[in-house]
Amino acid sequence: MKNDKFRNVVIWGTAERGKITYNLLKDKSEINIIAFGDNNINKQGKEYCGKKVLGISDIVDLQDLDCIVIASQYSVEIYDQLKNVVKVPIFVDVWKLLNIPIYVEISEVLEMNATIDISGWCNAKCKWCATGIQNRENNCFERKYMTYNKFKTIYNHLINNFILYRFNEIMLYNWGEPFLNPDCLKIIEFLSEEEQVFSISTNASVLTLSSKRDTYKSCRVFTFSMPGFSQNSYDRIHGFNFNKIKENIKKYLENLKSCGFEGEAVLSYHVYQFNLDEVCQAKEFAASLGLKFVPVYAYLADYGLTEQYLSDTMPYELLKEVGKDLLLSHVDKLLSEMPDDFHCLEENQIYINAEGNIELCSRCENSVEDYEWGSVLNLKNYKQWKDIRKEMLMCKTCRKCKKLGIGYWAFYNPKYIN
Ligand code: SF4
């Protein structure tokens, strides 16, 4: 600890996190844990880890208190409550207390998100997506997926080391189709049990239904992605049976309803030149099922292709093909609005692939330079993650991305409005 002004500490929270925090601090000679705190009146006045448990009114009267460290999944709410009654610094994660003698930036913690690609492959043949292109060339990714046990290990590692909190959203998809993972439901059930916020996106080609009441309790957004609203459009992009997809979407929605889902169900419609006349039908379909309809311009979901397109190095035949499928007239104007000091919007997002390694971001497929950054289990704490992320964002791939506007295009890809 660099600063000795935080000697007398109260740990707020008497559950698992409280114990972890206690174990991290108890042997530090410069720290004196004077008590625990908890909002639960049934716990107040009793002992936890050999220390008295106090309530908010007791804390106000503590003479020698130097700081409070919150060790609870409800850190945001507790922080809001405590900041109005105590004058001492409040830390929402213990590493800040141990390493950096500054007041915690709670906004930083709130902005953190994670993407864990639980399936390392996809079965769709999207023409302008890196994964779909490999599938079309029969060169698809090995059918890798993250097992339930591996997922749990990674999740617990992130939580126990205060890299992620339960209120930070975990997206269970990036390049892969999550429901191709045979452990997908187990993973979702686990996250709901942990009260961990998560989101999922599917092409609805595989139907995996749950029979448990609370499976989707913590699911914030459930997205169905569609490349059009006809068999013709499906033949051109995903390659699935269109009627079956519609049936599967209905069955998924029924299942969500019976399994505790209270989040937002979305139909993400990818607008191509050839499916413009299907937008209204898709919108009606969404409305009939209570789905939020989000039509977005389809774009090049492949770093290499986007780089070629934006640097005017795309081979002519390919460019002609792109021009036949995608709507691109808005792109030049969009990129002309990119500020010189544009900050990558994925700065606070940790990407983890099916093997448990850190990936650069959602823009970069596995063939891109700087794609992989080692096992996530090597991360020891949030500070280390921030240091690595800083280094990542200065890599050659990121520099090129910012110069050409590859990420900017994807982040600000407009909604189709007609
Ligand atoms: S700058 Fe571009 S390549 Fe780098 S993380 Fe952001 S989106 Fe990805």
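Order of appearance sets the numbers: ligands from 1, and atoms from 1 within every ligand. Bear in mind that the values here come from a model prediction, so they are computed numbers and not experimental data. When reading the values below, keep in mind they use all heavy atoms of this one structure, side chains included, and skip hydrogens, waters and symmetry mates.
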Please indicate whether Glu262 has more than 12 foreign heavy atoms, meaning atoms of other residues, nucleotides or ligands, lying under 6.0 Å from its CD.
no
For Phe411, counting its heavy atoms only, list the atoms of ligand 1 lying under 4.0 Å from any of them.
7 (S)
Any idea which protein heavy atom is nearest atom 7 (S) of ligand 1, and the distance to it?
Arg363 CG, 3.4 Å
For Cys364, counting its heavy atoms only, list the atoms of ligand 1 lying under 4.0 Å from any of them.
3 (S)
Quick check: does Cys398 have an N/O/S atom under 2.8 Å of atom 6 (Fe) of ligand 1?
no
For the aromatic rings, using the six-membered ring if either is Trp, is the centroid distance between Tyr252 and Phe179 under 6.0 Å?
yes
Please work out whether the ring planes of Tyr216 and Phe198 are parallel, tilted or perpendicular, with thresholds of 30° and 60°.
tilted
Identity and separation of the nearest protein heavy atom to atom 6 (Fe) of ligand 1
Cys344 SG, 2.3 Å
Which of the atoms of ligand 1 are close to Leu393, meaning less than 4.0 Å from one of its heavy atoms?
5 (S)
Distance from atom 2 (Fe) of ligand 1 to nearest protein heavy atom, with residue and atom
Cys401 SG, 2.3 Å
Which word best sums up how the rings of Phe151 and Phe190 line up, parallel for under 30°, tilted for 30 to 60°, or perpendicular for over 60°?
perpendicular
Backbone or side chain, does Cys361 get an N/O/S atom under 2.8 Å to atom 4 (Fe) of ligand 1?
no
Taking the six-membered ring for Trp, is the centroid-to-centroid distance between Phe229 and Phe242 below 6.0 Å?
yes
